[in-house]
Amino acid sequence: MNVDKEHIIGYFQDIIRICDRTTTGNLSHQMSNIRITYSYIADKIKEQYGEIMAYHNLMHAVELTSKVTTGNFSHYIATIKGLCRRCIDFINEYGLE
């Protein structure tokens, strides 16, 4: 699996879309989906590029999913989406490395 700039931006956009579709009813499923899928992708980014900013931000987003509960749902979803948006902006401005 070869990962380039467009793929990485797409992964962050996917996480934003998952967050947009997350409700208290599907919270556990959606957060588990992010954890499983994007921790694997983060490993692929690390293999290809090393521990670049995109890797760290993706892992941070994955780690935040384990803290989301129905009580803090809106705060953490907004935090994850903001992290992803800032990372997309950074990659568009400065590239991956």
Side-chain angles (χ1 to χ4, degrees):
M1 175 175 163
N2 194 20
V3 182
D4 62 15
K5 175 182 169 181
E6 287 74 28
H7 286 110
I8 293 172
I9 289 172
Y11 300 141
F12 284 109
Q13 290 170 334
D14 289 344
I15 291 172
I16 291 169
R17 279 190 289 277
I18 291 169
C19 287
D20 285 341
R21 292 189 312 259
T22 300
T23 65
T24 54
N26 68 8
L27 178 67
S28 178
H29 173 75
Q30 296 289 69
M31 295 302 104
S32 180
N33 181 21
I34 291 173
R35 269 193 306 280
I36 292 166
T37 303
Y38 295 97
S39 59
Y40 169 78
I41 290 170
D43 288 342
K44 294 302 171 190
I45 292 170
K46 184 178 177 182
E47 285 175 17
Q48 190 169 337
Y49 296 100
E51 291 190 14
I52 62 172
M53 183 267 318
Y55 163 77
H56 287 288
N57 284 347
L58 192 53
M59 285 305 298
H60 187 60
V62 167
E63 290 166 6
L64 288 174
T65 63
S66 65
K67 297 179 179 184
V68 181
T69 66
T70 55
N72 64 21
F73 163 79
S74 59
H75 168 73
Y76 275 104
I77 293 297
T79 300
I80 293 167
K81 288 169 54 174
L83 174 68
C84 292
R85 286 186 186 114
R86 286 189 306 276
C87 196
I88 290 167
D89 291 344
F90 183 90
I91 292 169
N92 281 327
E93 180 89 16
Y94 301 105
L96 291 177
E97 300 182 59

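- Between the SG atom in C84 and the CD1 atom in I16 there is a gap of 5.0 Å [rounded to 0.5 Å].
- Between atom CG of residue N2 and atom CD of residue E47 there is a gap of 11.5 Å, rounded to the nearest 0.5 Å.
- Among residues two or more places apart in sequence or in another chain, the side-chain hydrogen bond (donor to acceptor under 3.5 Å, both in side chains) test is passed with Q13 by none.
- To the nearest 0.5 angstrom, K46 atom NZ is 12.5 Å from L58 atom CG.
- For R85, the side-chain hydrogen bond (donor to acceptor under 3.5 Å, both in side chains) test picks out no residue, with sequence neighbours left out.
- For the side-chain hydrogen bond (donor to acceptor under 3.5 Å, both in side chains) test, residues two or more places apart in sequence or in another chain that qualify with D20 are K81.
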Report all side-chain donor-acceptor pairs from residues 34-42 shorter than 3.5 Å, counting only partners two or more places apart or in another chain.
{"unit_1": "R35", "atom_1": "NH1", "unit_2": "T65", "atom_2": "O", "d": "3.2"}
{"unit_1": "R35", "atom_1": "NH1", "unit_2": "T65", "atom_2": "OG1", "d": "3.2"}
{"unit_1": "T37", "atom_1": "OG1", "unit_2": "N33", "atom_2": "O", "d": "3.0"}
{"unit_1": "T37", "atom_1": "OG1", "unit_2": "N33", "atom_2": "OD1", "d": "3.2"}
{"unit_1": "Y38", "atom_1": "OH", "unit_2": "D14", "atom_2": "OD2", "d": "3.4"}
{"unit_1": "S39", "atom_1": "OG", "unit_2": "R35", "atom_2": "O", "d": "2.6"}
{"unit_1": "S39", "atom_1": "OG", "unit_2": "I36", "atom_2": "O", "d": "3.4"}

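- Closest non-hydrogen pair, Y49 versus D4, comes out as OH-CA, 3.6 Å.
- To the nearest 0.5 Å, atoms OH (Y76) and SG (C19) are separated by 13.5 Å.
- N26 is linked by a side-chain hydrogen bond (donor to acceptor under 3.5 Å, both in side chains) to T23, counting only residues two or more places apart in sequence or in another chain.
- Rounding to the nearest 0.5 angstrom, the gap separating the CZ atom in R86 from the CD1 atom in I88 is 11.0 Å.
- Between T69 and L27 the shortest heavy-atom distance is C-CD2, 3.5 Å.
- The backbone N or O of S28 lies less than 3.5 Å from no partner atom in the side chain of S32, so there is not a single donor-acceptor pair.
- Every residue two or more places apart in sequence or in another chain that forms a ring-ring contact (aromatic ring centres under 6.0 Å, His included) with F90 is listed here: Y94.
- In this structure, the side chain of N92 does not engage the main chain of D89 through any donor-acceptor pair within 3.5 Å.
- When all heavy atoms are compared, the tightest approach of M31 to V68 is SD-CG2, 3.9 Å.
- In this structure, Y55 OH and Q48 CD are separated by 14.5 Å, a value rounded to the nearest 0.5 Å.
- Between C87 and A54, the closest heavy-atom pair is SG-CA, 4.1 Å.
- Atom NZ of K67 sits in a sparse spot, with 12 or fewer heavy atoms from other residues, nucleotides or ligands closer than 6.0 Å.
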Check against side-chain contact (heavy atoms from CB on, under 4.5 Å), L83 and I15: CA-CA 10 Å; L83 174 68; I15 291 172; over 6 Å; no

